[in-house]
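Structure record follows, encoded as structure tokens.
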4 protein chains.
Amino acid sequence: MSNATVPERLISAATELFAAKGFDRVAVQEVVDRAGVTKGAMYHYFGSKDDLLHEIYGSVLRMQTARLEEIAAGPEPITHRLHAAAADVIVTSIDNFDQAKVYFRSADHLAEDKRLAMRAERRTYHERFRALVEEGQAAGVFRTDIPADLTVHYYFGSVHHLGTWYSPEGPLAAKDIGRHYADLLLASLRL
Amino acid sequence: MSNATVPERLISAATELFAAKGFDRVAVQEVVDRAGVTKGAMYHYFGSKDDLLHEIYGSVLRMQTARLEEIAAGPEPITHRLHAAAADVIVTSIDNFDQAKVYFRSADHLAEDKRLAMRAERRTYHERFRALVEEGQAAGVFRTDIPADLTVHYYFGSVHHLGTWYSPEGPLAAKDIGRHYADLLLASLRL
Amino acid sequence: MSNATVPERLISAATELFAAKGFDRVAVQEVVDRAGVTKGAMYHYFGSKDDLLHEIYGSVLRMQTARLEEIAAGPEPITHRLHAAAADVIVTSIDNFDQAKVYFRSADHLAEDKRLAMRAERRTYHERFRALVEEGQAAGVFRTDIPADLTVHYYFGSVHHLGTWYSPEGPLAAKDIGRHYADLLLASLRL
Amino acid sequence: MSNATVPERLISAATELFAAKGFDRVAVQEVVDRAGVTKGAMYHYFGSKDDLLHEIYGSVLRMQTARLEEIAAGPEPITHRLHAAAADVIVTSIDNFDQAKVYFRSADHLAEDKRLAMRAERRTYHERFRALVEEGQAAGVFRTDIPADLTVHYYFGSVHHLGTWYSPEGPLAAKDIGRHYADLLLASLRL
DNA sequence: CATGAATGAGACTTCATTCAT
DNA sequence: CATGAATGAAGTCTCATTCAT
């Protein structure tokens, strides 16, 4: 841990603290103390406290977007692909739980310009996922009485909420939760 | 608005501001300015900024708990009662959107003692809802392969997430969203 | 001194310190220490350190503008009025020496918007003074081969420079310096 | 510019920046960025930020002192020599405008020891100029009712003030301003 | 010669809260 | 009841300078 580079240690410390207490409740001093450096060092690598958040924020989303793209582009039938995508986002959120918590909670703490950029990335993700739902609807395997857009919000609410209740000490493994959530989603969409 | 009592005006102002910017991003001065009173007045009626939050926080939850109790205790079949409960929490969250947003977002901003009290109330609500799911499982109308507890988290994620994407200007009315969400939940539980 | 109001004490302390060391070399902490209050008190009355400067800055200029207007509007012949105006600005600058020094030195330390406002006031003063020179030119008593505008810059350079060399311990009284400077100006303008 | 030596590029960058924003408003980082080198390089050649200022500061003054000596030592009559000296300081200040601005504005930003050294050089210059005025007084061609010392302050105020209002885009050339200023000075001294 | 990471002190500012009136 | 002046702690950020490489 101590042999990681300074910026890595800072990101790591910030991730843990932001996840635990929320961005606004964490002082820069706490971050640098935990990373074992001084404030000057932090401002050498990051322009601001916001930058630190931005860095963390983007990493999960980018990773999940990449995985979604890959899953969505697969050759399997749509039900299978949607199930895989739905389960995957759960598993990766739990595997990177601190990062995910920061991402889930801190949307509006970013400065104006970065917030817009982030919103765009988020929107892309949302739309890729929605396209899967619509594909199933077009294929005649998913219900069409509920707008796909709403279903996606519905499902991602469940995902984001993980940050509120999930604990690694709980009885269920990430894979199980992912499967259950995906099952619930697919069941609610079938005709 | 100006003919409301001072504490009412304060709660009202705080609700709007906390909903819009988050508890930590709102200064007491902003709240009193919007309420048209001075800081002294606020500290006359409320012990602290946290108190203000606590007041708002509790009100939605208490109201929703009461409604849930009533719906759950009704004579209708379980599928009907769960559907009604699921739809109702959506509708009341949207009807009291600012309060709900504050409630959804500000869980961890309460001081230790109040947080515990609040968690207990929340847990009660969660358990009452879970009891409905379990009732359906016991009655043989809901699937049992997914823990009821998980399903409740799943659904309340969707509810809490409303605060992130819902806008009154959108195409769907509160009632529609409530119905759709409840439909999705019931569909995912049916055998 | 200690029975002055807090804002007065702050302005007073700031004036002395800014005059002695320059705006950028004075910490807010020094100002409040000298005024015998805390930083919080300062920010209760003034929005920023810049505000403090702005307050000081404006006061001399406004006073001198008022006096210039009065002198310029008098019934005396133009040579007499220009002499009086030229001497007066020296005397009032010396009588309010700390304020004047702050004014002479700190033009570009103001924030953008305030700087523009101040520049406008300054310009007004400059132009009122120039009008006197032009009046004398039009009346045929002052030379016309040198642009009035340039002469005004020339003279106000001398005035501003007082802050650099003048000391109350010196041999000359404010009135003497005023008279000498005004004599030099008038002599340089006569035909 | 890029083929100048590193210390030259640093001095050049510092001059422009100090002139534009004032010594205290310029970060060492900005200077080295503009010079296209790193901070280490700067500290290799200069002991401190103050050193940079000192270097700039001295150069104008030394040059002007040399020129004054030469003009003053000439064979021309005193009125002619004073006029030439007065005009020359204007022209050289404008020709080296950034350096001059730094010199005019940054007197008190030097550290104690350097400030004293600088003051001595400045005093020498002042006294050499004053000697010219006194020479004219002794020769019976300049008025004696105004102390020569005061007249020198008077004139150098005008010179220093150039930094505040002069712009190369203006209608007057350096030579014109020099002539006008010298004319004004001589006119104010004649009997 | 030159780099650039890192320091550490100190800068300005914000803000929840208290208290005399 | 209500005011608003004042506090004091804490917050984010800047910057001249040093030093191992």
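As a basis for the values below, the full set of heavy atoms in this structure was taken, side chains included, without hydrogen atoms, waters or symmetry mates. A, B, ... follow the sequence lines: proteins, then strands. Residue 1 opens every chain.
Closest to the side chain of D/Ser48, out of F/dT17, F/dG4, F/dA10, is F/dT17. For C/Ala41, the side-chain atoms get nearest to F/dT7 when compared with the rest of F/dT7, E/dA16, E/dC12. Of the candidates E/dC12, F/dT17, E/dT13, the closest approach to any side-chain atom of D/Val28 belongs to F/dT17.
Here the C1' atom of nucleotide F/dT17 and the CZ atom of D/Phe46 are 16 Å apart, to the nearest Å. A straight line from CG of D/Asp33 to P of F/dT14 spans 14 Å, rounded to a whole angstrom. Per the geometry, CD belonging to B/Gln29 stands 13 Å off C1' belonging to F/dA6, to the nearest Å. Counting to the nearest Å, the C1' atom of F/dA5 and the CD atom of C/Glu8 are 15 Å from each other. Atom C1' of nucleotide F/dA16 and atom CZ of D/Arg25 are separated by 17 Å, given to the nearest angstrom. Separating the CE atom of D/Met42 from the C1' atom of F/dA16 is a distance of 9 Å, rounded to the nearest angstrom. When the P atom of E/dA9 is taken as reference, atom CD of C/Glu30 falls 18 Å away, rounded to whole Å. Look at CG on B/Asp50: it is 12 Å from C1' on E/dT17, rounded to the nearest Å.
A sub-4.0 Å separation between OP1 or OP2 of F/dC13 and a side-chain N or O of A/Tyr43 is present. In terms of phosphate contacts, D/Tyr45 brings no side-chain nitrogen or oxygen within less than 4.0 Å of OP1 or OP2 of E/dC1. Look at C/His44 and you'll find a side-chain N or O under 4.0 angstrom from OP1 or OP2 of F/dA5. C/Lys49 has a side-chain polar atom (N or O) that falls below the 4.0 Å cut-off from OP1 or OP2 of E/dC12.
Across C/Thr15 and C/Asp98, no two heavy atoms sit closer than the pair CG2-CB, 3.6 Å.
Counting heavy atoms from C-beta on, the side chains of C/Val102 and C/Phe23 never come closer than 4.5 Å. A 4.5 Å side-chain heavy-atom check between D/Ser93 and D/Gln64 finds at least one atom pair inside the cut-off.
Pairing for E/dG8 is with F/dC15, a Watson-Crick or G-U wobble pair whose two hydrogen-bonding atom distances lie under 3.5 Å. Pair assignment for E/dC1 gives none, since no Watson-Crick or G-U wobble pairing has each distance under 3.5 Å.
Within 6.0 Å of the CZ atom in C/Arg25, the count of heavy atoms belonging to other residues, nucleotides or ligands exceeds 12.
If C/Val26 and A/Pro7 are placed on DNA chain E by their nearest nucleotide, the residue sitting closer to the 5' end is A/Pro7. Looking at which nucleotide of DNA chain E each of D/Lys39 and D/Gly36 is closest to, the 5′-most match is held by D/Gly36.
No engagement by D/Val31 is indicated, since no non-hydrogen atom pair under 4.0 Å with the nucleic acid exists. Using a 4.0 Å heavy-atom distance criterion, A/Val32 is classed as making no nucleic acid contact.
Separation of the B/Tyr103 and B/His160 ring centroids falls under the 6.0 Å cut-off.
Annotation: cation-pi geometry not satisfied between A/Arg122 and A/Tyr57 (NZ/CZ under 6.0 angstrom from ring centroid, within 45° of ring axis).
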